[in-house]
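Residue numbers start from 1 in every chain, and the chains themselves are labelled A, B, ... in the order their sequence lines are given, proteins ahead of strands. Just so you know, these numbers use all the heavy atoms, side chains as well, and skip hydrogens, waters and symmetry mates.
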2 protein chains.
Amino acid sequence: MPLITYQTLHPGLSIDCVIFGFYQKEIKVLVLKLKNFEKWSLPGGFVDQTKDVDDEATNILKRRTGLKNVFLRQFHLFGDVKRNSDAHINALFNSKIIDNDSLIWFKQRFVTVGYYALIPFSPSQIFTPDNLSESCEWRSLKDIPEMILDHKEIIDSAHKTLKKELNYQPIGLNLLPEQFTMSELQAVYETILEKPLDRRNFRRKILNFAMLIPTKKQRVGGAYRSPYLYQFDLDKYHLALQNGLSSGW
Amino acid sequence: MPLITYQTLHPGLSIDCVIFGFYQKEIKVLVLKLKNFEKWSLPGGFVDQTKDVDDEATNILKRRTGLKNVFLRQFHLFGDVKRNSDAHINALFNSKIIDNDSLIWFKQRFVTVGYYALIPFSPSQIFTPDNLSESCEWRSLKDIPEMILDHKEIIDSAHKTLKKELNYQPIGLNLLPEQFTMSELQAVYETILEKPLDRRNFRRKILNFAMLIPTKKQRVGGAYRSPYLYQFDLDKYHLALQNGLSSGW
DNA sequence: TATATTTGCGTCTTAATGACACAATAAAAA
DNA sequence: TTTTTATTGTGTCATTAAGACGCAAATATA
């Protein structure tokens, strides 16, 4: 069986997923390393002719990383001619990542649809990468390794989109544990926005959105004064996802 | 020469453009009618293998409608399987819009990239549709004729995107004549948002953005009190396009 | 000359934002 | 045990933006 059954795939179309996590005040991105290959890549793949593109994004992510039930958002189609590179395909061939039969498939010109998602980070999380990949790792957005093709630009574009979305969408539900402190939520915002926010004003504003439920519990054991824990009001959160936070007009 | 030189085209990929205009308090959309075919369609087409997708959007719009120098924004990829329809292709074939040689091309499964743009409306504007099309017309968003495939959904999706963009982007520059009254600008907003705005609050808010230059001229000849004319401050406008209007955080 | 309608330009109240202060807490240092 | 230190909780005050209105000036039409 050939590596890729390209007869059943949608030609010239690929999907790439930018999976964001958050840990210790840093945005993390999930990247894959192919066997025998020095550059890293985003979890991506091709689209079955008989399946919806949006659905395939989920399937591909599952196949490449083992991640299930991830809500992916389509954010851009990358369609420049120069994003393709024969040299890159030849390198993949030389590294025996793609075989002779697949070469004609890979040498097509591809456009790729970018999807992004926010998922909970766990430092001990084990991913189950596909056979082609030697590892699947979280990397800090500030410290992305050398990526194939335009995958670095795809990451940057996803981050830019996320930054924009932050202004009219709630965020944090999938990024933080079920219960979290106000400082942790603020850190998510500050990290994505790449700028500091006033602690007291942040608290006031986020509480005014009425999406947070203050549990009376405190996180104990940490240094200094024990902070209260909050959790999201799921109904309000999803409502805000649909309607946006600040109407504008 | 065959109708479509499909050897040079990117397979399974099309582009559709939603061109918005504004006239007499109505949003207009540019639609095409194919010869011998009852349904209407968006100006769309295919992507040359050797060209950037974004550039091809502009080229396609020019080819299908004659419109030049239109700034198109990519907004979504429509990739559901069911958006394709063999029945539709057969109907095109029966209407002699596509010939036997092109049939294999059209019977592929297609995904389409949606672009939208805002352009000035002129009721007397003459479009120069391509050979396949019998006419190219403005139609009110509220009165879109029966469209092929999912083109109606593409229009709705573009409108939804536009509505969202209105909250953090300036708008009107390409939609109104160089000089316009405050009421005309307000009508643009009200029409896109599909809700009335308070005249006095609108004026205050829009002037606070400091993108408008009040000319001291008035529009004379109309009924009732003559309104002042405004024009956009191009520098401020383009700056606001880049940075957004309300930062949010 | 009166009427109808639009336009320009306000006010008043309430809500949101930005800048900042101080006491309470709890681990760590003295 | 006491003191220190960094963090957390909760405010205030001034400024700006938003929402709800009022009223006189202008101008074609009746």
Side-chain angles (χ1 to χ4, degrees), chain A residues 24-25 166-170 172 176-177 179-191 193 195-231 236 240 243-249, chain B residues 24-25 166-170 172 176-177 179-191 193 195-231 236 240 243-249:
Chain A
Q24 288 179 341
K25 307 212 175 191
L166 212 52
N167 286 324
Y168 54 98
Q169 296 248 305
L176 292 168
Q179 301 201 335
F180 48 87
T181 69
M182 192 58 79
S183 292
E184 286 167 349
L185 183 57
Q186 184 180 340
V188 170
Y189 275 78
E190 289 183 328
T191 309
L193 293 168
K195 71 174 179 188
L197 300 171
D198 182 272
R199 191 170 61 89
R200 295 148 290 187
N201 294 338
F202 175 81
R203 173 192 152 91
R204 180 180 53 193
K205 184 162 176 172
I206 209 89
L207 284 176
N208 271 344
F209 289 152
M211 293 179 331
L212 293 183
I213 301 170
T215 76
K216 295 297 172 197
K217 285 182 282 183
Q218 294 178 292
R219 166 154 308 157
V220 291
Y224 314 123
R225 182 172 180 174
S226 305
Y228 282 109
L229 291 169
Y230 293 85
Q231 58 188 43
K236 300 263 181 64
N243 305 336
L245 289 175
S246 53
S247 57
W249 285 99
Chain B
Q24 289 179 340
K25 308 210 173 188
L166 212 54
N167 286 325
Y168 54 99
Q169 297 247 305
L176 291 168
Q179 301 201 335
F180 49 86
T181 69
M182 192 58 79
S183 293
E184 287 166 348
L185 183 58
Q186 184 181 338
V188 169
Y189 275 78
E190 290 183 328
T191 309
L193 293 168
K195 70 174 179 187
L197 300 171
D198 182 89
R199 191 170 61 88
R200 295 145 292 185
N201 294 339
F202 175 81
R203 173 192 152 90
R204 180 181 54 195
K205 183 161 176 173
I206 209 90
L207 285 176
N208 271 345
F209 290 152
M211 293 180 331
L212 293 184
I213 302 169
T215 75
K216 295 299 172 196
K217 283 182 283 184
Q218 293 178 292
R219 165 152 309 155
V220 290
Y224 315 120
R225 182 171 180 173
S226 306
Y228 283 110
L229 291 168
Y230 294 84
Q231 58 189 43
K236 299 262 182 62
N243 306 335
L245 290 175
S246 52
S247 55
W249 285 100

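- In this structure, the CD atom of B:Q186 is 12 Å from the C1' atom of C:dT6, given to the nearest Å.
- If you measure from atom CG of B:L197 to atom C1' of D:dC21, you get 16 Å, rounded to the nearest angstrom.
- Residue contacts shown for B:S183 are limited to sugar-phosphate atoms, with no base heavy atom under 4.0 Å away.
- Residues passing the ring pair (Phe, Tyr, Trp, His ring centres under 6.0 Å) test with A:F180, sequence neighbours excluded: A:F232.
- For A:K25 and D:dT7, the NZ to P distance is 8 Å, given to the nearest whole Å.
- Side-chain proximity of A:Y224 to the nucleotides D:dT27, C:dA27, C:dG8 is greatest for C:dA27.
- B:M182 contributes atom CE, which lies 6.5 Å from atom CG of B:L185 (distance to the nearest 0.5 angstrom).
- No side-chain donor-acceptor contact under 3.5 Å links B:Q231 to the backbone of B:I213.
- In terms of position on DNA chain D, the residue among B:V220 and A:M182 whose nearest nucleotide sits closer to the 5' end is A:M182.
- Both the sub-6.0 Å distance and the 45° axial angle are not jointly satisfied by B:K195 relative to the ring of A:W249.
- Listed by chain and residue number, A:S226, A:Y228 satisfy the side-chain contact (heavy atoms from CB on, under 4.5 Å) test with A:Q218 (two or more places apart in sequence, or in another chain).
- In this structure, the CZ atom of A:R219 is 14 Å from the P atom of C:dA27, given to the nearest Å.
- Rounding to whole angstrom units, CG of residue A:L185 and C1' of D:dT7 are separated by 17 Å.
- Straight-line distance from the OH atom of A:Y168 to the P atom of C:dA16: 21 Å, rounded to whole Å.
- Taking 4.5 Å as the limit, every side-chain heavy atom of A:Y230 sits out of range of all side-chain heavy atoms of A:L176.
- Side-chain to base pairing of A:R225 with D:dT8: one donor and one acceptor N or O lie within less than 3.5 Å of each other.
- Comparing B:Q218 and A:A223, the nucleotide of DNA chain C nearest to each residue sits closer to the 5' end for B:Q218.
- The CZ atom of A:F209 sits 13 Å away from the C1' atom of C:dA15 (whole-angstrom rounding).
- Between atom CD of residue B:Q186 and atom CG of residue B:D198 there is a gap of 7.5 Å, rounded to the nearest 0.5 Å.
- Contacts of residues 198-207 of chain B with DNA chain C (heavy atom under 4.0 Å): B:R199, B:R200, B:R203, B:R204.
- One finds a side-chain N or O of A:S226 lying less than 4.0 angstrom from the OP1 or OP2 phosphate oxygen of C:dA26.
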